[in-house]
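Step one of this worksheet: look at the structure below.
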Amino acid sequence: MEIVDPHTAGDPDQDGVLWTNLSRPKIAEELLRRGFRVSVTVVSQLLERHRLGSRKACKTLPLGRHVHRDRQFQIIANHRTAFMQAPDPIVSIDTTHKEFLGLLFRQGRLYTQKAKKALDHDFPGAALGVIYPHGCYDIKRNLGHRNLGLSHDTSRFACDSLGFCWEMHGRPAYPHARRMLLLCDGGGSNASNRYVFKYHLESFANRIGLEIRVAHYPPHCSEVQSHRTPFLPARDACVPRFAADLN
């Protein structure tokens, strides 16, 4: 630890939370300079012995806390329990991060015979277009469906995506359904205060003949939505996105 100590920092509010800005090759080079020839694998093992592992930041700190946060979660839990005992669907919806189309760089690796080329800068102006992935997750059947929008993340797009998902997957699976529980966050195209979302959702409910019970998660709690775990990122690792890929 003599090599790492000058380059080690920690969290003053949490004992034992340490990190270092020295890379494994740098530590191996310093050990070699002092007469110890070790590999980066051995360096990793030594760091792990002192609880310095390769980790990434965890998105667990909320931007805020609503005064009725716990009560709203309890209401949602009660609705889910009631719907789980009935022949009615429980659907969670949301729009995930938009993706730019074109020769833009993406993190990740891909097994290929030749590396794909991408632009050296990821400016949005260099993109050929944008896609908005909207997901619908059937909690009872553990089935997810994603629609890609090519214009904007609007309330009409969210309701049209839900309608397409219902006609393709929901209606055949729930032929005796009389209502639907719809779970969504409190912002974006399905915001709780967006009247145009309620208008298009009412039109959708009238069209399919179901009563739709909408339950919005409290503010700053969208990360706990049920659909976020089974859905993977919309982009493939290290593959530039083209408009032709959607055909």
Side-chain angles (χ1 to χ4, degrees), residues 1-65 92 94-133 135 137 142 144 146 148 185 220-246:
M1 293 295 290
E2 181 181 345
I3 298 175
V4 180
D5 279 342
H7 304 273
T8 300
D11 190 335
D13 296 328
Q14 302 183 57
D15 294 334
V17 179
L18 303 175
W19 58 83
T20 179
N21 59 0
L22 279 182
S23 64
R24 295 178 302 165
K26 289 291 185 181
I27 297 175
E29 290 177 7
E30 182 62 25
L31 287 172
L32 179 61
R33 193 179 64 84
R34 300 189 183 195
F36 301 95
R37 183 182 297 273
V38 297
S39 65
V40 293
T41 303
V42 174
V43 172
S44 297
Q45 295 172 353
L46 294 174
L47 291 175
E48 285 286 354
R49 186 178 300 176
H50 293 279
R51 299 176 60 187
L52 288 170
S54 177
R55 300 175 178 86
K56 64 179 182 179
C58 300
K59 297 173 63 175
T60 57
L61 301 177
L63 290 174
R65 184 180 179 88
S92 178
D94 194 18
T95 304
T96 53
H97 298 294
K98 64 181 180 182
E99 296 289 344
F100 292 101
L101 302 174
L103 288 170
L104 304 180
F105 176 77
R106 293 291 180 265
Q107 295 288 346
R109 293 179 177 271
L110 183 70
Y111 283 100
T112 178
Q113 293 180 337
K114 189 176 181 180
K116 291 182 175 292
K117 296 182 179 180
L119 297 176
D120 56 354
H121 289 80
D122 294 334
F123 296 136
L128 301 178
V130 183
I131 59 173
Y132 295 87
Y137 176 51
N142 191 28
R146 173 173 284 158
L148 302 181
D185 59 11
H220 312 296
C221 296
S222 60
E223 293 298 329
V224 304
Q225 275 189 262
S226 303
H227 77 276
R228 289 184 176 264
T229 299
F231 276 151
L232 299 175
R235 62 177 181 268
D236 297 328
C238 206
V239 178
R241 306 303 296 172
F242 294 92
D245 294 340
L246 303 179

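Position 1 is the first residue of the sequence; numbering continues from there.
For the atom pair CG of L101 and CD of E99, the computed distance is 9.0 Å after rounding to the nearest 0.5 Å. Residue I131 holds its CD1 atom at 10.5 Å from CZ of F100, rounded to the nearest 0.5 Å.
Closest non-hydrogen pair, H121 versus L104, comes out as O-CD2, 4.3 Å. Nearest heavy-atom pair across F105 and D122 is N-OD1, 3.0 Å. The nearest pair of heavy atoms linking P133 to H97 is CD-O, 3.5 Å.
In this structure, the side chain to side chain contact (heavy atoms under 4.5 Å, CB included) partners of S39, at least two apart in sequence or on a different chain, are T41, V42. Considering only residues two or more places apart in sequence or on other chains, L31 meets the side chain to side chain contact (heavy atoms under 4.5 Å, CB included) condition with I3, I27, F36, V38, V43. Under the salt bridge (charged side-chain N to carboxylate O under 4.0 Å, His left out) criterion, R33 pairs with E30, not counting sequence neighbours.
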